[in-house]
Amino acid sequence: MMKRILLLAVLMMFSQQALAESFFTNLFRFKGVAPVKNDLYEEGCAECHYAYQPGLLPKRSWEKLMLADELEDHFGEVADLEEEDRIEILNFLVENAADTSFYKRSSKINRSIPDDATPLRITEVPYIKRKHKPMTDKYVKNNPKVKSLINCNACHREIDKGIFDDDTILIPNYGYWSELDDD
Ligand code: HEC
Ligand code: HEC
């Protein structure tokens, strides 16, 4: 009997330590947005711009963006898809959207959007807008290697991994953001 209780206590200690460990590694890993990948999404949505991670917008935004009618006039472009592909991409986006993600940047994005708003642009999400206030024309519009804030990957060099930390931001023609005096 005593042996069994001891064994149980040891087992409990181990599992608690494992739990604590995974808790802390996850805290670190869940900092940015989920770096999920999907071949069909890359094919259908990364022809004209970066394949924005699903965790950059809430579910309702993706649902609206991905309506067949909307895709016919997608910011003035035609971005239509085979119906089967449209549904598959929509599901991928919705399943990994900002409002279902544990990632810190995704929840910040989500919390900054009023309940009655459905932004179709990441660049119009309040949190994203606020964070990019220092990104004046000289860094973006008048910077031939950036041109528009929609080109996230021009500056966020680790965005493929879902990482947006300051020391991974390298503004073309200017250098590392963490080393510039403007912030
Ligand atoms: C034929 C080109 C094209 C394709 C294909 C395309 N897009 Fe776009 N997308 C655009 C253009 C043009 C804009 C607006 C760019 C601008 O404002 O300068 C845009 C903007 C966006 C934005 C808003 C960016 C921001 O934050 O301002 C999102 C989100 C987006 N697209 C998602 C998608 C998704 C999802 C797909 C796949 C179904 C897709 N796009 C396919 C051309 C395209
Ligand atoms: C011209 C370069 C540039 C472009 C393009 C750009 N960003 Fe940024 N971004 C920055 C800088 C610089 C900061 C940090 C500003 C600050 O807080 O000092 C930042 C901050 C962020 C943050 C917050 C990071 C944090 O630590 O809180 C997120 C998230 C982010 N950007 C996402 C995006 C997304 C998504 C896009 C594309 C739709 C984008 N950015 C386009 C330069 C850029």
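When a ligand or atom number is given, it counts from 1 through the structure's own listing order.
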With heavy atoms of [X] as the reference, note each atom of ligand 1 found under 4.0 Å away.
X	answer
Leu71	38 (C)
Val78	1 (C)
Ala79	4 (C), 5 (C), 6 (C), 41 (C)
Leu120	23 (C), 29 (C)
Leu65	29 (C)

Looking at [atom1] of [X] and [atom2] of [Y], how far apart are the two atoms once the value is rounded to the nearest 0.5 Å?
X	Y	atom1	atom2	result
Leu170	Arg157	CG	CZ	4.0 Å
Phe92	Asn38	CZ	CG	4.5 Å
Lys59	Leu90	NZ	CG	10.5 Å

| Under 30°, 30 to 60°, or over 60°: which ring-plane class applies to Tyr52 and His49, parallel, tilted or perpendicular? |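 It falls in the parallel class, under 30°.
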Q: Return yes when Leu149 approaches ligand 2 closer than 4.0 angstrom through a heavy atom, no otherwise.
A: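 The answer is yes: ligand 2 sits under 4.0 Å from a heavy atom of Leu149.
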I'd like to know whether ligand 2 has Tyr127 as a neighbour, heavy-atom separation below 4.0 Å.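 Heavy atoms of Tyr127 do come under 4.0 Å of ligand 2.
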Any N/O of [X] closer than 3.5 Å to an N/O of ligand 1?
X	result
Arg121	yes
His49	yes
Phe75	no
Tyr41	no
His74	yes

Could you check which of [options] puts a non-hydrogen atom nearest to [atom]?
atom	options	answer
atom 38 (C) of ligand 1	Cys45, Pro54, Ser61	Cys45
atom 12 (C) of ligand 1	Glu43, Glu77, Glu124	Glu77
atom 17 (O) of ligand 2	Lys31, Lys131, Lys147	Lys131

Legend entry - Short N/O/S contact of His156 with atom 8 (Fe) of ligand 2 (below 2.8 Å):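 Coordinating: yes.
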Item to complete: Examine Cys152 and say whether one of its N/O/S atoms is closer to atom 8 (Fe) of ligand 2 than 2.8 Å.
Response: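 No.
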Considering only non-hydrogen protein atoms, determine which one is nearest to [atom] and report residue, atom name and distance to 0.1 Å.
atom	value
atom 1 (C) of ligand 1	Cys48 SG, 2.8 Å
atom 26 (O) of ligand 1	Ile122 N, 2.7 Å
atom 25 (C) of ligand 1	Thr123 OG1, 3.3 Å

* Output yes when Glu42 and Lys37 qualify as a salt bridge under the 4.0 Å nitrogen-oxygen rule, no when they do not. =>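 Yes, charged N to carboxylate O under 4.0 Å.
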message: I'd like to know if Glu83 and Arg86 make a salt bridge, using a cut-off of under 4.0 Å between side-chain N and carboxylate O.
response: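 Looking at Arg86 together with Glu83, the answer is yes, because their closest N to O distance falls below 4.0 Å.
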*Counting only heavy atoms, which portion of Ile150 has something under 4.0 Å from ligand 1: side chain, backbone, both, or neither?*
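Answer for Ile150: side chain.
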With a heavy-atom distance limit of 4.0 Å, tell me whether Met66 approaches ligand 1 through its side chain, its backbone, both, or neither.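 Within the 4.0 Å criterion, Met66 contacts ligand 1 through side-chain atoms alone.
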Note to self: Could you identify the N, O or S atom of His132 positioned closest to atom 8 (Fe) of ligand 2?
What the structure shows: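 Of the nitrogen, oxygen and sulfur atoms in His132, atom 8 (Fe) of ligand 2 lies nearest to NE2.
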